[in-house]
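Reviewing the structure listed below.
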Amino acid sequence: MTLPKQQILDWLTEQRPRRLDELWALADQTRREHVGDAVHLRGLIEFSNICQRNCLYCGLRTGNAKLSRYRLTEDEIMDCVGQAVAFNYGTVVLQSGEDPGIDLDWLCALVRRIKSETDMAVTLSVGEWEDDALQHMRDAGADRYLLRFETSNAKLFDRIHPPAPGQPKRDRMEILRTLRRLGFEVGSGVMIGIPGQTWSDLADDLLAFAELDLDMIGVGPYIPHPDTPLGKYLEHYMASEDLQVPATELMTYKVLALTRLLCPDTNIPATTALATLNTKSGRELGLQRGANIIMPNLSPTEHRGAYEIYPDKACIKDSAGQCLLCVTGRVAMIGRSVGKGRGDSPNAQQRRDADSAIESIGGDS
Ligand code: SAH
Ligand code: SF4
């Protein structure tokens, strides 16, 4: 569905419960028609919280001296992968800070090992790397890559996301296009309610989702972290009251639902950040308002607390097994089922079909 910007803005600012119920119903129906009732689970392994960057919003920023840092060994990661296999997950997501101690060859060997020992899809979420490094990761067998553009307002992004020390500024939109060219399934997304983010910015984010033709779109509320500049001096960064997007649960559902309407075939997670704002039913409501993916945590329990992108993150005390039980229970409670297999995005499948049709036409001539 295409929606003009004004209509997106009208939905984003809509307050009437009855109208919002219509939005939720439309998003849920679109989700059912395009990606079905299955909820696909992606096991999340947060394998390093070391980061060279100083993003103003994130607790893993290098300037946060309070955080104790860790990097999992290959064996520790493979233990988590073993659990993913035992739990029948179709995908593992390897996520980290931009850790200068991660050697590219080591990472590629790890991906190769997971691909050779399991049938799972491998998703990487390891920040901004050079194009040739991304090519190596793809050659090693990585299937998907997640890199949120965080906000489509370039000025706001530059303000909250300074370049890594000694490195030039990178354009995340450009990296997303490179990832697509390299054949990754491409995931991106934004934070909702970043201080300084206006309604118009958020509407542009939604339009950018459609334009980038993404395979996965993660949207979650911005959650202030007291040990970051943005969290500490929140007021200083806010846009004027009538322009600033609130970082609320309700806003997150609106963006989720509109994302589903604009990008009906994409995979959309009910995020941990959403579950953090509403531990009781955030995941379920997300799944009923457009989402079709959950990313249960597989990280070793002893390190969960240290992957503190934002405070009071949901599920940090639960073991991987408890996360599975909790998530499957929530999925069953709303009458949905856990998906089997890798849960590739229908969007990517359509692209692959079109490519092979073009190839076969080329082969005939
Ligand atoms: N280093 C990688 C991956 C880890 S950060 C990267 O930056 O891409 C993963 C995501 O966490 C970020 O894309 C951002 O959207 C989200 N995040 C960071 N700080 C946050 C905060 N304070 N509130 C909500 N989400 C946050
Ligand atoms: Fe590092 Fe990613 Fe956090 Fe930025 S958002 S500080 S790159 S972990």
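Both ligands and their constituent atoms are indexed starting at 1 by order of listing.
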Protein residue, atom and distance nearest to atom 13 (O) of ligand 1, heavy-atom basis: Glu150 OE2, 2.5 Å
With a cut-off of 6.0 Å (strictly less than), are more than 12 heavy atoms of other residues, nucleotides or ligands near CG of Asp119? no
Residues Asp28, Arg31: salt bridge by 4.0 Å N-O rule: yes
Quick one: nearest non-hydrogen protein atom to atom 17 (N) of ligand 1, plus distance? Ile309 CG2, 3.3 Å
Is any NZ, NE, NH1 or NH2 atom of the basic residue among Glu46 and Arg304 found under 4.0 Å from an Asp or Glu carboxylate oxygen of the other? no
Within the structure, does at least one protein heavy atom fall under 4.0 Å of atom 2 (Fe) of ligand 2? no
So, are Glu185 and Arg180 salt-bridged, with charged N and O less than 4.0 Å apart? no
Short N or O distance, Tyr222 and ligand 1, threshold 3.5 Å exclusive: no
Quick one: look up the protein heavy atom nearest atom 24 (C) of ligand 1 and list residue, atom name and how far away it is. Pro221 O, 3.3 Å
Looking only at protein heavy atoms, which one is nearest to atom 6 (C) of ligand 1, and what is the separation? Arg172 NH2, 3.9 Å
Arg144 side-chain N/O to Thr123 backbone N/O, donor-acceptor pair under 3.5 Å: no
Let's go through Val190 and Arg148 carefully: what are the C-alpha distance in whole Å and the side-chain angles of both, what is the deciding distance for side chain to side chain contact (heavy atoms under 4.5 Å, CB included) to 0.1 Å, and is it a yes or a no? CA-CA 6 Å; Val190 298; Arg148 288 184 175 185; over 6 Å; no
Which one holds for Arg148 and ligand 1: side chain close, backbone close, both close, or neither close, with close meaning a heavy atom under 4.0 Å? side chain
I need the protein N, O or S atoms closer than 2.8 Å to atom 1 (Fe) of ligand 2, given as residue plus atom name. Cys51 SG
Of Cys51, Ser96, Gly59, the one whose closest heavy atom lies nearest atom 1 (N) of ligand 1 is Ser96
Check contact between Phe149 and ligand 1, using heavy atoms of the residue and a distance below 4.0 angstrom. no
Could you walk me through whether Asp99 and Arg71 pass the salt bridge (charged side-chain N to carboxylate O under 4.0 Å, His left out) test, one step at a time? CA-CA 9 Å; Asp99 175 355; Arg71 181 187 309 124; 2.6 Å; yes
Taking Ala270's backbone N and O only, do any of them form a donor-acceptor pair with Arg283's side chain (distance below 3.5 Å, no angle check)? yes
Counting from 1, what ligand 1 atoms have a heavy atom of Tyr307 closer than 4.0 Å? 4 (C)
Atom 25 (N) of ligand 1: nearest protein contact (heavy atom, Å): Met191 SD, 3.5 Å
Of the backbone atoms (N, CA, C, O) and the side-chain heavy atoms from C-beta on, which set of Cys58 has a member under 4.0 Å from an atom of ligand 1: side chain, backbone, both, or neither? both
May I ask you to list the residues sharing a hydrophobic cluster with Leu44, side-chain cutoff 4.5 Å, ordered by chain and number? Val93, Leu146, Met216, Ile293, Met295
Pair Arg172 + Glu150, salt bridge at N-O below 4.0 Å: yes
What atoms of ligand 2 come closer than 4.0 angstrom to any heavy atom of Tyr57? 5 (S)
Here's a test for you: under salt bridge (charged side-chain N to carboxylate O under 4.0 Å, His left out), which of Lys66, Lys232, Arg61 qualifies with Asp227? Lys66
Between Arg170 and Asp131, is the closest basic N to carboxylate O distance under 4.0 Å? yes
Checking the N or O distance criterion of under 3.5 Å, is ligand 1 in contact with Ile223? yes
For Lys313, is there an ion pair with Glu308 - N to carboxylate O distance below 4.0 angstrom? no
Nearest to atom 9 (C) of ligand 1, what protein heavy atom do you find, and at what distance? Gln95 NE2, 3.8 Å
